[in-house]
Amino acid sequence: MSHEDNGGAAMYDLPMTNLHEALAQIDKANARLARNNIAERFTYVLDPYTREETNALGITTAQERVRLDLSAPRIGFDGWVFVARLVEEEAGYVTFCAPGQNLDGWARPDTPHCDYCGKFRRRAKLYVLRHTDTGEIKQVGASCITLFLGVTVAGLWTLEYDLYEHLPALGGEEWGEPVTRGDRSLHKLDTIALALAFSEGGRGYISRARARDREIPATADTIATAVWGLQFIRNQEVRRELAEGVTEASRIRTEQPELIDAVLASVETVDQASDYGMNLRTLLAGEYVSAKSVGIAASLVAVYARQQQHEAEHATIAPGFVAPKGAKVTDLDATVTVSRIIPGHYGAKTLLVLRTEGNQLVKWFATGLRDFEPGQRVRILRATVKDHETFRGQDQTVVTRAKLEDLEPAV
């Protein structure tokens, strides 16, 4: 699972075996803060849980895992708090927010100006600060930070701190370390073609968080290795797989330009007010993508694949409802199509939308956090039909007091 903003903290989902190293890395980060004479520290809350999975042979295994909510120290002075660092790309700036911070809804700057000195020039580092009382946002060049705040500020490295990047690389030494990068960049069309080739058209896209979860290479790291690090790979079978992927990407680029265009167009399905949506649009507006941002651009193939799956499922959804209002439903097999956590004042709920084998939709607002993923097969052991709804032209049977059983893990 990917780490995400969780009410002011970054949430990491880790195997329990990685916890010791994760805590050691947090201790190192806090020791660095102490050397910088910064009073605040990284703090965390642990939520252990057990994940059960059944493989294709019907063997059920359990893995001890932990959710780690990491709160970052607030770096700032006199009410001004550092929120993000801006990194220049060909067509604009991409934000890298501090853990627990976001800039959703904030328009990226059109020019590399500094709100303190007012000068317009290319800058290696631009920072975004927000005032805690007024909510006012300023972008200030690195050379003007001391003048703007009136003090010298340390600890700005926390704006980019990502715990995953400090954990041991998983996936096997044969893949080598993820290759970066410096000032290297990749044409955006080659980025998309490579992502398609190394992810089965986006259906098998592996994020870095999921890669650590499953101990396999991330798609972005595979692309980086194939493009910039093939000469360092000693394993001949891996070299052959990477070379075949590059060949397939070249074929896609030459013979299927319409597929690449469709992937690029799928960015319109991503909320443009979100950090992710803004970053994607900024990257795609240029011709080249820096090596640091290749993972963001490549992830668009997963967006495209989900869009294609949604359209296919939408086209096959059957009208009608699985049972009358008030009726009991038992032993109904279905596939999870939506699994979304909805926070609330009285605790979180999980919205689950299931598609039955008869291609009808069942919706359940489950209390608490439920560990289901889209594509996962389940059996509705029992449920009561609460209501009939129509959402975006699709009939949905709303149930309550449901009990589900896993049939197989998500693909």
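Note that this is a predicted model, so its numbers are computed, not measured. Atom set for the values below is all heavy atoms of this structure, side chains included, hydrogens, waters and symmetry mates excluded.
Taking a 6.0 Å sphere around CZ of Arg251, one finds it holds more than 12 heavy atoms contributed by other residues, nucleotides or ligands. Applying the 6.0 Å contact sphere to CD of Glu405 captures more than 12 heavy atoms from other residues, nucleotides or ligands. Heavy-atom neighbours of Gln272 CD from other residues, nucleotides or ligands within 6.0 Å: at or below the threshold of 12.
Using a 4.0 Å cut-off between charged nitrogen and carboxylate oxygen, Lys138 and Asp115 do not count as a salt-bridge pair.
Across all their heavy atoms, Tyr161 and Tyr12 have their closest contact at O-OH, 4.3 Å.
With sequence neighbours left out, the salt bridge (charged side-chain N to carboxylate O under 4.0 Å, His left out) criterion links Glu244 to Arg240.
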For residues 188-195, which side-chain N or O atoms pair as donor and acceptor with protein atoms under 3.5 Å away, sequence neighbours left out?
unit_1: Lys188; atom_1: NZ; unit_2: Leu284; atom_2: O; d: 2.6
unit_1: Lys188; atom_1: NZ; unit_2: Gly286; atom_2: O; d: 3.3
unit_1: Asp190; atom_1: OD1; unit_2: Arg253; atom_2: NH1; d: 2.5
unit_1: Asp190; atom_1: OD2; unit_2: Arg253; atom_2: NH1; d: 3.4
unit_1: Thr191; atom_1: OG1; unit_2: His187; atom_2: O; d: 3.0

Donor-acceptor contacts under 3.5 Å from residues 293-304 side chains, at least two apart:
unit_1: Ser293; atom_1: OG; unit_2: Glu89; atom_2: OE2; d: 2.9
unit_1: Ser299; atom_1: OG; unit_2: Tyr276; atom_2: OH; d: 2.7
unit_1: Ser299; atom_1: OG; unit_2: Ile296; atom_2: O; d: 2.6

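Taking the six-membered ring for Trp, Tyr205 and Phe198 have ring centres at least 6.0 Å apart.
No donor-acceptor distance shorter than 3.5 angstrom exists from the side chain of Gln139 to the backbone of Tyr127, with no hydrogens or angles considered.
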Walk me through it: do Tyr44 and Ile26 pass the test side-chain contact (heavy atoms from CB on, under 4.5 Å)? CA-CA 9 Å; Tyr44 56 86; Ile26 295 172; 3.9 Å; yes

For Arg130 and Glu136, run side-chain contact (heavy atoms from CB on, under 4.5 Å): C-alpha distance rounded to whole Å, both residues' side-chain angles, the deciding distance at 0.1 Å, then the answer. CA-CA 6 Å; Arg130 180 189 288 123; Glu136 183 182 7; over 6 Å; no

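Considering Asp406, Asp333, Asp331 in turn, Asp333 is the only one that fulfils the salt bridge (charged side-chain N to carboxylate O under 4.0 Å, His left out) rule with Arg379.
Figure legend: Arg74 and Phe82 shown without cation-pi pairing, the cationic atom not lying both under 6.0 angstrom from the six-membered ring centre and within 45 degrees of its axis.
Counted by atom type alone, Trp106 and Asp275 present zero donor-acceptor pairs between their side chains at under 3.5 Å.
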